[in-house]
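First comes the structure, then the notes that go with it.
Computed over heavy atoms, backbone and side chain alike; hydrogens, waters and symmetry mates excluded. We name chains A, B, ... by the order of the sequence lines, and we start the count at 1 in each one.
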Protein chains: 2
Amino acid sequence: MTDYNKILESAGLRPTDAREAVLGALYRIGRPASHGEVAEALKGQLDRVTIYRNLYLLEEARLAHKVQGVDGKWRFCAHDPDVVGCPGDHPHFLCLSCGKMICLLGQTLPHVDVPDGVKVQGKQLVVYGLCPECSRDRQK
Amino acid sequence: MTDYNKILESAGLRPTDAREAVLGALYRIGRPASHGEVAEALKGQLDRVTIYRNLYLLEEARLAHKVQGVDGKWRFCAHDPDVVGCPGDHPHFLCLSCGKMICLLGQTLPHVDVPDGVKVQGKQLVVYGLCPECSRDRQK
DNA sequence: TTCCTAATGCAACCGAGTTGCATTTTGAGG
DNA sequence: CCTCAAAATGCAACTCGGTTGCATTAGGAA
């Protein structure tokens, strides 16, 4: 079992039970997970607000990156602690039917020209549609 | 004054006062506008629900395209009636401070490889940060 | 052990978007 | 110019993801 507390401490975060649980849930899910998915994985053992705050904290501490799907929900994806740089710099796919999001690794986001004076803080490329499972279910 | 009713009819939509007002507001704003921006432009002359429904209808009728900003709000942008094809196929910039979104014309969305079996229905590339005005204001 | 700070839980709130339904408007047919 | 069914609108209530304020609890340095 991975020592999540070590990871939390090395990122400058106080290792608490809640924090450990949230980070563990993200690792276990293994793809960008919404607050709801994390809450479900933790079976109500934590308050919703605590989950929200810790997801936000993990992202601030660069232990996870976040992407928003076209359903308006933010999803958080835990980084492999050995990965260097911002691992969120790739497109994501969102299934509109089941709500699962997956990272499209191995591809990078294109450079985008912006008007003079614009200060870019980030960008995200979201592809949406039906995942293989949901696509198959629809045809039946 | 443009004849919005003509445009509506040619798109197969019944030309009503509300429809004309919403389409006119989108043209006047000239950039992707959220429901709130449209409502403000119309100064409460229409019910919020009517605006929502007509924005959705305009998009279905291909008179506008919609993009979602990282603030979770959908924004609708009226097409020039003479433009052919889907005019939403370009990146968008969202100012996190004032909430204004602008189309980054002249650039196209990259091709994205997706896993086998995935059915793509659309994609969007959103760049976010501070627009020139807000960027300037922050420095003061 | 003490004590201050950070973290958590709880309740209430916010705002974008949606739904159901009664009322009004539209326009085709007479 | 009427009639009438279908479409559009307005209103109220609701859903749900996310946020805020505040009292309580846990963490960890002295």
Side-chain angles (χ1 to χ4, degrees), chain A residues 4-6 8-25 32-61 63-64 66-76 94 96 99-101 126, chain B residues 4-6 8-25 32-61 63-64 66-76 94 96 99-101 126:
Chain A
Y4 298 128
N5 284 342
K6 277 255 173 59
L8 288 168
E9 282 183 331
S10 69
L13 292 180
R14 222 188 241 194
T16 67
D17 289 354
R19 225 101 92 180
E20 190 182 5
V22 171
L23 184 60
S34 64
H35 166 269
E37 290 175 289
V38 173
E40 192 182 359
L42 296 177
K43 284 284 173 201
Q45 78 185 77
L46 291 179
D47 188 80
R48 341 187 288 118
V49 181
T50 302
I51 298 177
Y52 274 118
R53 289 197 270 230
N54 279 315
L55 284 173
Y56 184 74
L57 246 90
L58 291 175
E59 196 252 336
E60 284 238 298
L63 288 177
K66 67 176 201 283
V67 196
Q68 192 189 46
V70 287
D71 57 359
K73 299 180 198 169
W74 284 99
R75 286 169 175 77
F76 297 78
L94 176 69
L96 298 180
K100 282 200 185 107
M101 179 178 275
V126 178
Chain B
Y4 299 128
N5 284 343
K6 278 253 173 57
L8 288 169
E9 283 183 331
S10 68
L13 292 179
R14 223 187 238 193
T16 66
D17 291 353
R19 225 100 93 180
E20 190 181 6
V22 170
L23 183 60
S34 64
H35 166 270
E37 289 174 291
V38 173
E40 191 182 2
L42 296 177
K43 283 287 172 200
Q45 80 185 73
L46 291 179
D47 187 80
R48 336 185 295 114
V49 181
T50 303
I51 298 176
Y52 274 118
R53 289 197 269 232
N54 279 316
L55 285 173
Y56 184 75
L57 247 91
L58 292 175
E59 196 253 335
E60 284 238 298
L63 290 176
K66 67 176 200 283
V67 197
Q68 192 189 43
V70 286
D71 56 358
K73 297 181 198 167
W74 283 98
R75 285 170 175 76
F76 296 79
L94 175 69
L96 298 181
K100 280 200 186 108
M101 179 179 275
V126 178

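- Rounded to an integer number of Å, the gap from CD of B:E40 to P of C:dA16 is 12 Å.
- One atom, NZ of B:K66, and another, P of C:dA16, lie 18 Å apart when rounded to the nearest Å.
- In this structure, A:L55 places its CG atom 12 Å from C1' of D:dG18, rounding to the nearest Å.
- Atom CD of A:E40 sits in a sparse spot, with 12 or fewer heavy atoms from other residues, nucleotides or ligands closer than 6.0 Å.
- Between the OH atom of B:Y56 and the P atom of D:dT9 there is a distance of 16 Å, rounded to whole Å.
- When rounded to the nearest whole Å, the span between CG of B:N5 and P of C:dT26 equals 10 Å.
- Comparing B:E9 and B:G36, the nucleotide of DNA chain C nearest to each residue sits closer to the 5' end for B:G36.
- Here C:dA16 presents its C1' atom at 12 Å from CZ of B:F76, a figure rounded to the nearest Å.
- Here C:dG17 presents its C1' atom at 12 Å from NZ of B:K73, a figure rounded to the nearest Å.
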Show every donor-acceptor pair shorter than 3.5 Å between a side-chain atom in residues 43-59 of chain A and any protein atom, with sequence neighbours excluded, or say none if there are none.
| residue | atom | partner | partner atom | Å |
| --- | --- | --- | --- | --- |
| A:D47 | OD2 | A:V49 | N | 2.9 |
| A:N54 | OD1 | A:R19 | NH1 | 3.1 |
| A:N54 | ND2 | A:T50 | O | 3.2 |
| A:E59 | OE1 | A:K66 | NZ | 3.4 |

Got a list of protein N/O to nucleotides 7-10 of chain C N/O distances below 3.5 Å?
| residue | atom | partner | partner atom | Å |
| --- | --- | --- | --- | --- |
| C:dA7 | OP1 | A:R19 | NH2 | 2.4 |
| C:dT8 | OP1 | A:T16 | OG1 | 2.6 |
| C:dT8 | OP2 | A:N54 | OD1 | 3.4 |
| C:dT8 | OP2 | A:N54 | ND2 | 3.2 |
| C:dG9 | OP2 | A:D47 | N | 3.4 |
| C:dG9 | OP2 | A:T50 | OG1 | 2.7 |
| C:dG9 | N7 | A:R53 | NH2 | 3.3 |
| C:dG9 | O6 | A:R53 | NH2 | 2.6 |

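- Rounded to an integer number of Å, the gap from B:R48 CZ to C:dC14 C1' is 12 Å.
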